[in-house]
Amino acid sequence: MTAPDHQTDSCTDPGGAGGPASVGRRTLLRGGAVLAAAGTVGLGSGIGAAAAAGSAPASARPGQVLGGRPTFTSGVQAGDVTTRGGVIWARSDRPALMTVEVSGTESFRSARTVGVARLTDASDRTGVVAVNGLPAGSEVFYRVRLSAADDPRRGGETLVGRFRTAPSRARDVSLVWSGDVCGQGWGINPDIGGMKIFETMRRLSPDFAICSGDFVYSDGPLTETVTLPDGTVWRNLVIDEKRKVAETLAEFRGNFRYNLMDTNLRAFNREVPWVFQWDDHETTNNWYPGEVLTSDTRYTEKRVDVLSARARQALFEYTPTLPGRPDPAGRLYRKISYGPLLDVFVLDMRSYKNDNTVGQNDPAGAAILGTRQRDWLIDGLRNSRATWKVIANDLPIGIVVPDGTAIEGVAQGAPGAPLGREVEIAQVLSAIRRHRVRNTVWVTADVHYTAALSYHPDRAAIRDFDPFWEFVAGPLNAGTFGPNALDPTFGPEQVYARTPPAGQSNLPPSAGLQFFGRLAIDGGSRALTVELRDATGGILWSKALPAR
């Protein structure tokens, strides 16, 4: 059964970039210039000048209160960029109108308005504008203007960003991926400059980034200080929503808003569009549908289905993502086509999984994708014409991820034929071989260390699949753990891993064990190079994979 692919496109902008047409692109994007009130800074001709001219305060109408002008609280960001467009996101400090303009030049002389969104209290004053009809393979500058909800002529702040649309012809393409942000007690530490790994990734100028889940830790309260084993003190920036586990919609929203307080992340967002997926910590640790938190005294709301619905709403409100179609509830799994060399299949291994304590030894299988998503993935891979098919799996395949004495992930820890959730993965791998799908790689995070795993049928309990690679990266800003045990069912070999020293775990970001991955496809040879990097950008391990 095939569901239509959700393919939207988007762009990004700084937490405060926007200014005169004469400002250079990098200065424009990084310098934080803000049109606090449109019309007070000289603009060139066209849309910018017209906006400035029309921004003078209007006369008050009866019963109308003319307060301050709307401002951005969390920068802007973009996501799901493909050949012709994307999704642009913003949040205002008050109800407002969000107008998005795009241009092929930084001067915005040829700018055109592509959409308007109303930012209301119902969505916590967040909103997205879907952008379409852009030229393929082009750099696109975008400008987001806020204006008062009660009088669009009363302008607020303006921010500017940019992105590259996917090419229609073969050309170099690169992406970065990772996950796990502000977990295990490690939040934004102003003493060390915040989450500097985002600045490291930004400097690589990837076409886009994949968030492999756990972008927020809604179940991870923070304290102002943590004393480290050597006696030094880690200091966290803390807001009220991070002092307890999230249960209300306002608390889930606050977790997303907290991460966007980091200046490195906001700078990254204005230049690099995202592809977001979720895992467990957006809701609570190791959750599954139908779970009841009977033994967790931190929660007064025990029903995980209620908590995950609120988390899901906050996720869609705070990321540049449109709910997938045709699922009425709005699905997260989707395909992002980034030109002739790359399709990204974004999985949701959280929403459709079975109970962690049931069925993991069942030879008939247990759910990790669910029938509909499994069939969508198989059909999408079989029909893909892209050279490389990257499968973004928020839970690893061959690494055992326990949930106490139960199983949280795919691998159930025993040798032999696939059991439980491994059965669905075996069906996908078998279909890849049967349909002669070439050049698939899997990228994930979740386990809080970085690794390269090679899977081969000669080492496996089953032979009905082609050799493939799975690459693990993370955390971005959370505790470092590992290594975990490998399950031999699909014949994994750990070719490389970087983990804490033996006997150590939950190491803070200051320990230097924070990781991300980079994929780069050469437009000429079509080879894919994989790099596992640390927070400084140092390449820990790399491998070039020729296209078949």
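Values reported hereafter were calculated over all heavy atoms of this structure, with side chains retained and with hydrogens, waters and symmetry mates removed.
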## Note on the structure
dist Phe108:CZ -> Thr158:OG1 (nearest 0.5 Å) comes out at 10.0 Å
### Message
What I want to check is whether the side chains of Glu251 and Ser218 have a donor and an acceptor closer together than 3.5 Å.
### Response
no
### Query
Looking only at side chains, do Thr71 and Asp93 share a donor and an acceptor under 3.5 Å apart?
yes
### Message
When you measure from the side chain of Gln277 to the backbone of Val346, do you find a donor-acceptor pair of N or O atoms at a distance under 3.5 Å?
### Response
no
### Query
Below 4.5 Å, heavy atoms only, C-beta onward: do Trp442 and Phe471 meet side chain to side chain?
no
### Task
Go through the steps to decide whether Asp262 and Arg266 satisfy the test salt bridge (charged side-chain N to carboxylate O under 4.0 Å, His left out), and finish with yes or no.
CA-CA 6 Å; Asp262 182 73; Arg266 293 201 309 273; over 6 Å; no
### Task
Just say parallel, tilted or perpendicular for the rings of Trp287 and Trp278, cut-offs at 30° and 60°.
perpendicular
### Message
What I want to check is whether the side chains of Arg372 and Tyr352 have a donor and an acceptor closer together than 3.5 Å.
### Response
no
### Query
So do Thr248 and Phe252 actually touch side chain to side chain, heavy atoms under 4.5 Å?
no
#### Entry: Note, Arg518 side chain near Leu204 side chain (heavy atom, < 4.5 Å)
yes
### Task
Calculate, to the nearest 0.5 Å, the distance between atoms CE and CG belonging to Met98 and Leu159 respectively.
10.0 Å
### Query
Do Thr284 and Val245 have side-chain heavy atoms sitting under 4.5 Å apart?
no
### Query
Does the side-chain contact (heavy atoms from CB on, under 4.5 Å) test come out yes or no for Val238 and Tyr258, once each step is laid out?
CA-CA 8 Å; Val238 181; Tyr258 173 80; 5.6 Å; no
### Query
If you draw the axis of the six-membered ring of Tyr288, does the NZ or CZ of Lys353 fall within 45° of it and under 6.0 Å from the ring centre?
no
### Query
Between CD1 of Ile391 and CG of Leu381, what distance do you get to the nearest 0.5 Å?
5.0 Å
### Query
So, the side chain of His448 versus the backbone of Gly479: is there a donor-acceptor pair under 3.5 Å, distance only?
yes
### Query
Between Ser92 and Arg94, is there a donor-acceptor pair closer than 3.5 Å when you use the side chain of the first and the backbone of the second?
yes
### Option from Val176, Val81, Val275 for which side-chain contact (heavy atoms from CB on, under 4.5 Å) with Phe208 holds
Val275
### Query
Any idea which heavy atoms bring Ile210 and Ala392 closest together, and the distance?
CG2-CB, 4.2 Å
### Query
Any idea how Trp186 and Trp234 line up, ring-wise: parallel (<30°), tilted (30 to 60°), or perpendicular (>60°)?
perpendicular
### Message
Within the 4.5 Å heavy-atom criterion, are Asp214 and Asp280 side-chain neighbours or not?
### Response
yes
### Message
Would Asp279 and Arg350 count as a salt bridge (charged side-chain N to carboxylate O under 4.0 Å, His left out) here? Give the steps.
### Response
CA-CA 6 Å; Asp279 193 32; Arg350 186 59 49 184; 2.9 Å; yes
### Query
Do Met349 and Leu369 have side chains that get closer than 4.5 Å, going by heavy atoms?
yes
### Message
Is it the case that the side chain of Ser110 and the backbone of Ser103 share a donor-acceptor pair, with hydrogens and angles ignored and the cut-off at 3.5 Å?
### Response
no
### Task
Return the minimal non-hydrogen interatomic distance between Ser174 and Pro206, and the atom names on each side.
OG-CA, 3.4 Å
### Query
Do Glu282 and Arg310 sit within salt-bridge range, that is, some charged N less than 4.0 Å from a carboxylate O?
no
### Task
Of all the heavy-atom pairs spanning Ala170 and Pro340, show the shortest one and how long it is.
N-CG, 3.5 Å
### Message
Set out, in order, the CA-CA distance, both residues' side-chain angles and the distance that settles side-chain contact (heavy atoms from CB on, under 4.5 Å) for Leu342 and Leu175, then state yes or no.
### Response
CA-CA 10 Å; Leu342 177 63; Leu175 66 91; 3.9 Å; yes
### Query
Can you name the nearest heavy-atom pair linking Ala117 to Val129, along with the distance?
CB-CG2, 3.9 Å
#### Entry: Trp376 ring center within less than 6.0 Å of Tyr333 ring center
yes
### Query
Between Leu222 and Leu237, which heavy-atom pair has the shortest distance, and what is it?
CD1-O, 4.0 Å
### Query
Step by step, would you call Trp274 with Phe268 a ring-ring contact (aromatic ring centres under 6.0 Å, His included)?
CA-CA 10 Å; Trp274 282 102; Phe268 181 86; 5.2 Å; yes
### Query
Got a second to check how far Asp180's CG is from Leu476's CG, nearest 0.5 Å?
7.0 Å
### Query
Is there a donor-acceptor pair under 3.5 Å between the side chain of Gln514 and the backbone N or O of Ala478?
yes
### Task
Look at the side chain of Arg298 and the backbone N and O of Asp219, then say whether any donor-acceptor pair between them is shorter than 3.5 Å.
yes
### Summary
In this structure, CD of Glu317 is separated from OG of Ser123 (nearest 0.5 Å) by 6.0 Å
### Message
If you define the side chain from C-beta out and look only at heavy atoms, does anything of Thr120 sit under 4.5 Å from Pro95?
### Response
no
### Query
Just wondering, do Phe515 and Ser178 contact through their side chains at under 4.5 Å, heavy atoms?
no
### Task
Classify the angle between the aromatic ring planes of Tyr318 and Phe256 as parallel (below 30°), tilted (30 to 60°) or perpendicular (above 60°).
parallel
### Query
Between Ser337 and Asp343, is a side chain to side chain donor-acceptor pair (under 3.5 Å) present by the stated rule, with each step listed?
CA-CA 4 Å; Ser337 292; Asp343 280 346; 3.0 Å; yes
### Message
Apply salt bridge (charged side-chain N to carboxylate O under 4.0 Å, His left out) to residues Lys244 and Glu247 and explain how you reach the verdict.
### Response
CA-CA 9 Å; Lys244 65 178 290 293; Glu247 299 179 85; 3.0 Å; yes
### Message
If you apply the rule side-chain contact (heavy atoms from CB on, under 4.5 Å), what do you find for Lys196 with Thr536, and how did you get there?
### Response
CA-CA 8 Å; Lys196 293 188 291 185; Thr536 69; over 6 Å; no
### Query
Judged by atom type as modelled, is there a donor-acceptor pair below 3.5 Å linking the side chain of Asn264 to the main-chain atoms of Gly193?
yes
### Message
For Asp446 and Thr444, which I'm curious about, is there any donor-acceptor pair between the side chains at under 3.5 Å?
### Response
no
### Query
Quick one: CZ on Arg257 to CD1 on Ile239, what's the gap to the nearest 0.5 Å?
6.0 Å
### Task
Give a yes or no answer on whether the side chain of Arg162 reaches the backbone of Glu139 with a donor-acceptor pair at less than 3.5 Å.
no
### Message
A quick test of your reading: do over 12 heavy atoms of other residues, nucleotides or ligands sit less than 6.0 Å from CZ of Arg303?
### Response
no
### Query
Okay, side chain of Asn477, backbone of Met195: is any donor-acceptor separation there less than 3.5 Å?
no
### Task
Verify the neighbour count for atom CZ of Arg118: are there more than 12 heavy atoms of other residues, nucleotides or ligands below 6.0 Å?
no
### No-hydrogen, no-angle side-chain donor-acceptor test under 3.5 Å, Tyr338 and Thr83
no
### Message
Please tell me whether Thr73 and Arg91 have a donor and an acceptor in their side chains that are separated by less than 3.5 angstrom.
### Response
yes
#### Entry: Side chain Thr319, main chain Leu315, donor-acceptor under 3.5 Å
yes
### Test log, rule side-chain contact (heavy atoms from CB on, under 4.5 Å), inputs Tyr299 and Leu307
CA-CA 10 Å; Tyr299 288 89; Leu307 296 173; 3.8 Å; yes
